[in-house]
Every structure is written in structure tokens, then in C-alpha cells.
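In what follows, a single structure is set out as C-alpha cells and then discussed.
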Amino acid sequence: MSEQKTDILVWGPMHASLMQNLERDYSVHKLADINDIDAWADQHGTQVRGVVTSGVFGTDNAILDRLPNLEVVNSFGVGYDAVDTQYLSRRGIKLSNTPDVLNNAVAETAMALMLCVSRRISEAERFVRAGQWPNGKFPLGNDLCGKTCGIVGLGKIGKTIAKRAAAFEMNIAYFRRGRPYDDVSYRHYGDLRELAQDSDYLIVIVPGGPDTQHLIDADVLRALGPKSFLINVARGTVVDEKALVASLLASEIAGAGLDVFDDEPNVPAELLKLDNVVLTPHIGSGTYETRQAMADLVFANVKGYFDKGTLVTPVEL
Ligand code: 8YV
């Protein structure tokens, strides 16, 4: 008789190769296919030992409550602010994420947004497509070279962005509460408003969650000023979106490049009308290579846990 496969609940649509691997080795329940969660939980809830989710889907404690034998949550993505870590910790449930493998892709997205807003690439493309070129010249943009790139959150992705921005001959500065890092020589600011004041491009790349909620508020935006740009590749929650919309409408900052929003996939209607704002649909890690590496790392964590009792990239809870 073949061994019983471990039951896993998959929270939403996942990378195809991850699904293939999971369906081969585990008994997979797909939340998206479950119509009546109570009826499903009555029948299968006690069997489920693992949950596979993503940084975007997160988890819902009311559903996790129905999985009394849950041991591990494996999340696709580096950010896990959509998972209630205190709840997991209380129940002794382990958590893994996918750090490092997406550093380059997210850093490239930050650079893309910075170039896009500085050189007005989206606006210029709309100009050509609308047949406006024969009618006149397109307005000038701004250099990156020689400008100050202020990084809010010099973690692994922040450092990867810094290297790339330095290659564009930008001056690198960063915000960190308290002491500067020992292993970098970039200019340190312990005061976010001062960094904003001195930055031409302020790049937000801190983890989401209560500690960073609305870190970029009306004051910081005012300090950034009418000649400077905000780039957000972190989480929508880190920026006070209402304050950002107000500051853009009042031309208090020069523009913004935004990959993340408060209420994804909904984007404030006011932003859609602004030519100095570049909007992308949370594509920070969205390359073939990176998503494959993330999918492989999620699977390695699932396998590692159920085969050997160890996670490859555990989150300390
Ligand atoms: C998403 C991200 O998780 O890693 C993160 O924190 O925001 C992204 O990589 C990913 O898009 C989930 O599908």
C-alpha cells in the first residue's frame, strides 16, 4: 500500500511549476476551488499540515483556526506582512519566505521606475503613440547622474538598489533609525525628513507591517519637495496614499513611480490622470527567472520541512 500523502492547503493561484511539484508529492487542496469553507473544513480541516500562500495573499486566522493540526506556512515572496506572525507563533506554527532570490529583480524594478519618472518614458511613449510627435517637441527630463538617491531601508534589496544607482553615478544616502551600518560607506541619516530633503529620488524598500505604516507621510513628502520623486517598491502601507495623492495634485513633489498600493489591485483614480506618475501592478519580483527561483525555494521549504523537519529559509517568529 502506498504511503498517505501529506495534506496541504494552497491559498491562491501559484506558479505553475510549484503547483506541479506540490500536486505530485502532496495531497493539495486549493482554497480558490472551495465554495463552502465550513463544509470543507468539517471534512478536511484536521488533515491539513501545511499551507502554501504568497506575500500578496497572506493568510486569514479564521481559516487557520479551522486547521488544528497545521504545522507550517510556506510563503511565496520575501515580505510576510499579510501573515499574522503573532498568531503563528502562539500556535507554534513555522513560517518560511523567499529572501535573496528576488533582490536583483526588485532592484531592477526600482531602477526602471526611477528612469521612467526621470526621463518621462511612459509619458513619452504615450506622446508618440498618440501621433503628437509631428506637432511639437517632447519636454525635457532629469538626469540621474550626479543626483542623490535616498534609500529608505538599506536591507538586502536596498543594498542591491544602492549598487545599481551608484553605477549610474548617483550619490547614495539611506535612512536607518539609530546607528549607521558598519559595512557600507553610504551617507547615513537617522532622520527621515532630512534624508527626504536631501534626496532627488527617494526609494522606499522597507518591509510592510505596523512598524512602517505611513512612514512616508505628508511631512516627509513636503520635505522631498517639488523637484524630487518618490519611488515605492515596498508595500503600499508604507506610504500614506491619501497624503501622496494630495501632494502630487498640489505639485508638492515632482512625481512618483509606484509598484505597490494600499488596496491592490485598486489604484486611486486621481493617480491615473497624472502624467508625472508611473504605475505598475506589483511586478517587483515579476521576471521568469526570479519567479522560478522563488517557486523552487518555496518547494524546497515544503520538502525540507516534511522530509527532514527543517526549513531552508525560516522566518524567525
Ligand atoms: C510578491 C513581493 O510576494 O516578495 C514580496 O514580498 O511583494 C512579491 O514578490 C509576489 O508577487 C507574490 O506573488
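Residue numbers count from 1 along this sequence. Quick note: numbers below take in every heavy atom, side chains included, and nothing from hydrogens, waters or symmetry partners. When a ligand or atom number is given, it counts from 1 through the structure's own listing order. Every value quoted in this text rests on a predicted model; they were computed, and no experiment measured them.
In summary, the atoms of ligand 1 found under 4.0 Å from a heavy atom of Ser285, numbered by their order in the structure, are 8 (C), 9 (O), 11 (O). Counting atoms of ligand 1 from 1 in the listed order, those under 4.0 Å from a heavy atom of Gly77 are 3 (O), 4 (O), 5 (C). Numbered from 1 in the order shown, with element, the atoms of ligand 1 that lie under 4.0 Å from a heavy atom of Arg235 read 2 (C), 5 (C), 6 (O), 7 (O). Close approach of ligand 1 to Gly55 (heavy-atom distance below 4.0 Å) involves ligand atoms 3 (O). If you number the atoms of ligand 1 from 1 as listed, the ones under 4.0 Å from a heavy atom of Met294 come out as 9 (O).
When the heavy-atom distances from atom 1 (C) of ligand 1 to His15, His282, Glu264 are ranked, the shortest goes to His282.
Not a single ring pair (Phe, Tyr, Trp, His ring centres under 6.0 Å) links Phe76 to another residue, sequence neighbours left out. Residues passing the ring pair (Phe, Tyr, Trp, His ring centres under 6.0 Å) test with His214, sequence neighbours excluded: none.
Contacts between Arg291 and ligand 1, counted as non-hydrogen atom pairs separated by less than 4.0 Å, involve the side chain only. Contacts with ligand 1 closer than 4.0 Å are made by side-chain heavy atoms of Leu102 only, the backbone lying farther away.
A salt bridge links Lys30 with Glu23: the distance from a Lys NZ or Arg NE/NH1/NH2 to an Asp or Glu carboxylate oxygen falls below 4.0 Å.
Remark: the backbone N or O of Val48 is not paired with any side-chain donor or acceptor of Asn69 at under 3.5 angstrom.
The side-chain tip of Arg49 does not point at the ring of Phe306 from less than 6.0 angstrom away and within 45° of straight on.
In this structure, Thr98 and Val298 approach most closely via the heavy-atom pair CG2-CG2, 3.6 Å.
Polar contact check, Val78 against ligand 1: a nitrogen or oxygen pair lies under 3.5 Å apart. For ligand 1, the polar-atom distance check against Gly79 finds a nitrogen or oxygen pair separated by under 3.5 Å.
In this structure, atom 3 (O) of ligand 1 lies nearest to the protein heavy atom Phe76 O, 3.4 Å.
Note on ring orientation: taking the six-membered ring where Trp is involved, the planes of Phe229 and Tyr201 are parallel (angle under 30°, cut-offs 30° and 60°).
Between Lys137 and Phe127 there is no side-chain heavy-atom pair separated by less than 4.5 Å.
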